[in-house]
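The basis for the numbers below is simple: all heavy atoms, side chains too, and nothing from hydrogens, waters or symmetry mates.
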Amino acid sequence: MGVTLKNIASQLGLSYTTVSRALNNHKEIKPSTRKLIKETADSMGYVPNSIAQGLVMKKTKTLGLILPDITDGFMAELAREIEIVSDRAGYTVFLCNTNWSKERTRNYVKKLIERRVDGIIMIPTSNDISFLETTLKYDTRIIFIGSSLNKIEVKSIQVDNYKAIKISIFHLLGKNKKNIAYLGGGKELFANEERFAAFKDILQNNSLFNPKLVANSHEIRKDGYLLVEELLEKKIKFDSIIAFNDVIAMGAIRKLKELNIRIPEDVAVIGFDDSPISRILGIGLSTIKQPIEEMAKLALNEVIKKKDNKKILLDPIFIHRSSS
C-alpha cells in the first residue's frame, strides 16, 4: 500500500487537513510549513492520487491526443509539439493511434472521456464522426486539427486549404505548367475533400481543369507511386502534380524517377505538410507548410481557456524547393 496523507500527517504530528492544504499550495498554510510537508512527502515516496484530485478540482490536467497514424511525418511532429506545450503547462498527454480505424477512434474517445481528460485533440479518421454527438454532453473539450465539419459543433484548427492550393496552382502556372494533376488521399478525409474542391474550383475558373488528371485514392495509405501509374495508364499529358500530402508526393517522385522523367523540367511536384520526408528526399520537395507549433499552442489554449472559437484558419506557407 502506498504512502497516504494520514501517514505524512502522523510523521509530522500535523492534521490531515493541514497536510492536504499544504500539498495543494493553500495560501493559509505558511510557506515554511508547506516546504516542510512537501519535503517530507517526497522523502516518504508519496505519489498524489491525480484521479481523486481531478474529481475534487474538476480538472485532471490530462489531454487525449487521437491520431490516425503516428508514423506519418506531419502527425509525428504535431504529437511532439502538443506534448511540448502541454508539458510546459503542466498537462499530461495520452497518445492514441487509431491506425485509420473508425472503431478504434470511437473506442478511444469513449475511454478518454471515462478518464475525465480535460480535452481531446484529434485528427478525425473520416468524415463520419456522428458518434461524437453523444459525447458532446460531457465537459470534455474536443478540438479537431485539420478538419472542420459542419455536421457537428466541434472546435477546429486548420490551415486554409483553399489558399494553400491556390498558392500551389499559381506557382505552377508561373512556371508555364498548365496540365496539372491532383493525387488525393482517402476520399473520406475532410482535408482531401476540401483540397480537391479548391483544386477543381481554381482550375475551372482558369479553364484548365481536366477530370482525367485526378487520381483519388480509395485507400488512405495508397502510395503516390501507384497513383502516378494510374495517371500514365490514361495516356493524358500532365506536366505537374499537386499531392494531398508529402508521402503521396514522395511516391510520385519515386515513380517518375524510375521512368527517367525529369523533375521539375518534365513534371513538377508539390506536396503538402512540409513533413521531415520533404527535407530528406534526394530532390527537395516543394510543399505547403502547416504551422504545427502554432496549431499545438492554439489547441492547448482552447482546452485551458475554453474559448468559443468555432473555427480557426491559419495561413499556409509555401516552401519552394527543387521539385517545382
Distance check, rounded to the nearest 0.5 Å: Glu265 atom CD versus Ile261 atom CD1? 12.0 Å
I'd like to know if the side chain of Lys175 reaches the main chain of Ser240, judged simply by a donor and an acceptor atom lying under 3.5 Å from each other, with no hydrogens or angles considered. no
Below 4.5 Å, heavy atoms only, C-beta onward: do Thr71 and Asn97 meet side chain to side chain? no
If only atom types and distance count, is the side chain of Asn205 paired as donor or acceptor with the main-chain N or O of Asp201 below 3.5 Å? yes
Have Ser101 and Asn99 got a donor and an acceptor in their side chains that come within less than 3.5 Å? no
Is the shortest side-chain heavy-atom distance between Asn210 and Asn179 below 4.5 Å? no
Tell me whether Asp274 is salt-bridged to Arg321, with the criterion being a basic N under 4.0 Å from an acidic carboxylate O. yes
Starting from Ile236, can I reach Phe238 by hopping between I/L/V/M/F/W/Y residues whose side chains sit under 4.5 Å apart? yes
Return the minimal non-hydrogen interatomic distance between Ala22 and Arg34, and the atom names on each side. O-CD, 3.7 Å
Please tell me whether Gln290 and Gln158 have a donor and an acceptor in their side chains that are separated by less than 3.5 angstrom. no
Check: Asn7/Tyr46 side-chain N/O donor and acceptor closer than 3.5 Å: no
Residues in side-chain hydrogen bond (donor to acceptor under 3.5 Å, both in side chains) contact with Glu233, at least two apart in sequence or another chain: none
Using side-chain heavy atoms (C-beta onward) and a distance below 4.5 Å, is Ile143 in contact with Ile157? yes
For Arg195 and Tyr162, indicate whether the former's side chain and the latter's backbone hold a donor-acceptor pair under 3.5 Å. no
Is there a donor-acceptor pair closer than 3.5 Å between any side-chain N or O of Arg104 and the backbone N or O of Trp100? no
If you group Ile, Leu, Val, Met, Phe, Trp and Tyr by side-chain heavy-atom gaps below 4.5 Å, do Leu256 and Leu227 land in one group? yes
Expected output: side-chain Thr287 to main-chain Phe272 donor-acceptor under 3.5 Å: yes
Tell me whether the count of non-hydrogen atoms from other residues, nucleotides or ligands lying under 6.0 Å of NZ in Lys61 goes above 12. yes
Are Lys35 and Glu39 close enough for a salt bridge, meaning some N to O gap below 4.0 Å? yes
Apply the test salt bridge (charged side-chain N to carboxylate O under 4.0 Å, His left out) to residues Lys163 and Asp315: give CA-CA distance (whole Å), side-chain angles for both, the deciding distance (0.1 Å), then the verdict. CA-CA 8 Å; Lys163 187 182 289 187; Asp315 282 331; 2.8 Å; yes
Start with the C-alpha distance between Lys200 and Val214, add both sets of side-chain angles, then the distance that settles side chain to side chain contact (heavy atoms under 4.5 Å, CB included), and finish with yes or no. CA-CA 10 Å; Lys200 182 178 179 180; Val214 176; over 6 Å; no
Do Ile70 and Leu95 have side-chain heavy atoms sitting under 4.5 Å apart? yes
N/O donor-acceptor pair under 3.5 Å between Asp223 side chain and Leu226 backbone: no
Taking the side chain as every heavy atom from C-beta outward, state whether Ile142 and Lys155 have any atom pair closer than 4.5 Å. no
If you look at every heavy atom in Pro316 and Ile288, which pair is closest and at what distance? CB-CG2, 3.7 Å
Should Leu313 and Ile145 be counted in the same cluster of Ile, Leu, Val, Met, Phe, Trp and Tyr side chains packed under 4.5 Å apart? no
Would you mind listing the cluster partners of Ile317? Hydrophobic ones only (ILVMFWY), side-chain contacts under 4.5 Å, chaining allowed. Ile319
If you take all heavy atoms of Lys177 and Asp239, which pair is closest and at what distance? CD-O, 3.3 Å
Would you call the rings of Phe199 and Tyr182 parallel, tilted or perpendicular, where under 30° means parallel and over 60° means perpendicular? tilted
Check the pair Lys110, Glu114 against salt bridge (charged side-chain N to carboxylate O under 4.0 Å, His left out), reporting the backbone distance first and the verdict last. CA-CA 6 Å; Lys110 182 175 181 291; Glu114 285 173 357; 2.6 Å; yes
Is there a side chain to side chain contact (heavy atoms under 4.5 Å, CB included) between Leu67 and Thr98 once you walk through the steps? CA-CA 6 Å; Leu67 300 175; Thr98 68; over 6 Å; no
So, the side chain of Arg141 versus the backbone of Glu302: is there a donor-acceptor pair under 3.5 Å, distance only? yes
Rounded to the nearest 0.5 angstrom, the CG-CG distance for Leu231 and Leu213 is 6.5 Å
If you look only at distance, which donor and acceptor atoms sit under 3.5 Å apart when one is on a side chain in residues 76-94 and the other is two or more places apart or in another chain?
| residue | atom | partner | partner atom | Å |
| --- | --- | --- | --- | --- |
| Glu77 | OE1 | Arg279 | NH2 | 3.3 |
| Ser86 | OG | Ile82 | O | 2.6 |

Look at atom NZ of Lys38 and say whether more than 12 heavy atoms of other residues, nucleotides or ligands are closer to it than 6.0 Å. yes
Would you say Phe144 and Pro124 make side-chain contact, with heavy atoms under 4.5 Å? yes
Name the residue from Ile167, Leu172, Leu173 that meets the side-chain contact (heavy atoms from CB on, under 4.5 Å) definition with Phe170. Leu173
Judged by modelled atom types alone, do Asn216 and Asn192 share a side-chain donor-acceptor pair under 3.5 Å? yes
Please round to the nearest 0.5 Å and tell me the distance separating atom OG of Ser20 and atom CG of Leu14. 12.5 Å
Check the hydrophobic clustering (I, L, V, M, F, W, Y; side-chain heavy atoms under 4.5 Å; chains of links allowed) and say if Val228 and Val247 are grouped together. no
Rounded distance [0.5 Å steps], CG in Asp246 versus CG in Asp273: 5.5 Å
If I take atom CD1 from residue Ile242 and atom CD1 from residue Ile270, how far apart are they, to the nearest 0.5 angstrom? 5.5 Å
Would you say NZ of Lys255 has more than 12 non-hydrogen atoms from neighbouring residues, nucleotides or ligands within 6.0 angstrom? yes
Identify the heavy atoms of Ala41 and Leu23 that sit nearest to each other, and give their distance. CB-CD2, 4.2 Å
Just do the side chain to side chain contact (heavy atoms under 4.5 Å, CB included) check on Val117 and Leu63 with the steps written out, would you? CA-CA 5 Å; Val117 295; Leu63 298 174; 5.8 Å; no
Looking only at side chains, do Thr17 and Ser15 share a donor and an acceptor under 3.5 Å apart? no
Just verifying a value: how many Å separate Met295 CE and Leu300 CG, rounded to the nearest 0.5 Å? 15.0 Å
Is the backbone of Ala164 close enough, under 3.5 Å, to the side chain of Ser168 for a donor and an acceptor to pair up by distance? yes
Going by heavy atoms in the side chains, are Leu112 and Cys96 under 4.5 Å from each other? yes
Examine Ile202 and Phe318 and state if one hydrophobic cluster contains both, with Ile, Leu, Val, Met, Phe, Trp and Tyr joined whenever side-chain heavy atoms are less than 4.5 Å apart. yes
To check you understand the geometry: which heavy-atom pair defines the closest contact between Ala299 and Ile121, and what is its length? CB-CD1, 3.7 Å
Does Thr18 form a side chain to side chain contact (heavy atoms under 4.5 Å, CB included) with Ile29? I'd like the steps, not just the answer. CA-CA 7 Å; Thr18 298; Ile29 307 299; 4.1 Å; yes
Is Glu258 paired with Arg254 through a side-chain N to carboxylate O contact shorter than 4.0 Å? no
Atom of Ser323, atom of Ile253 and distance for their closest heavy-atom approach: CB-CD1, 4.4 Å
Minimum side-chain heavy-atom gap Met44-Ile8 below 4.5 Å: yes
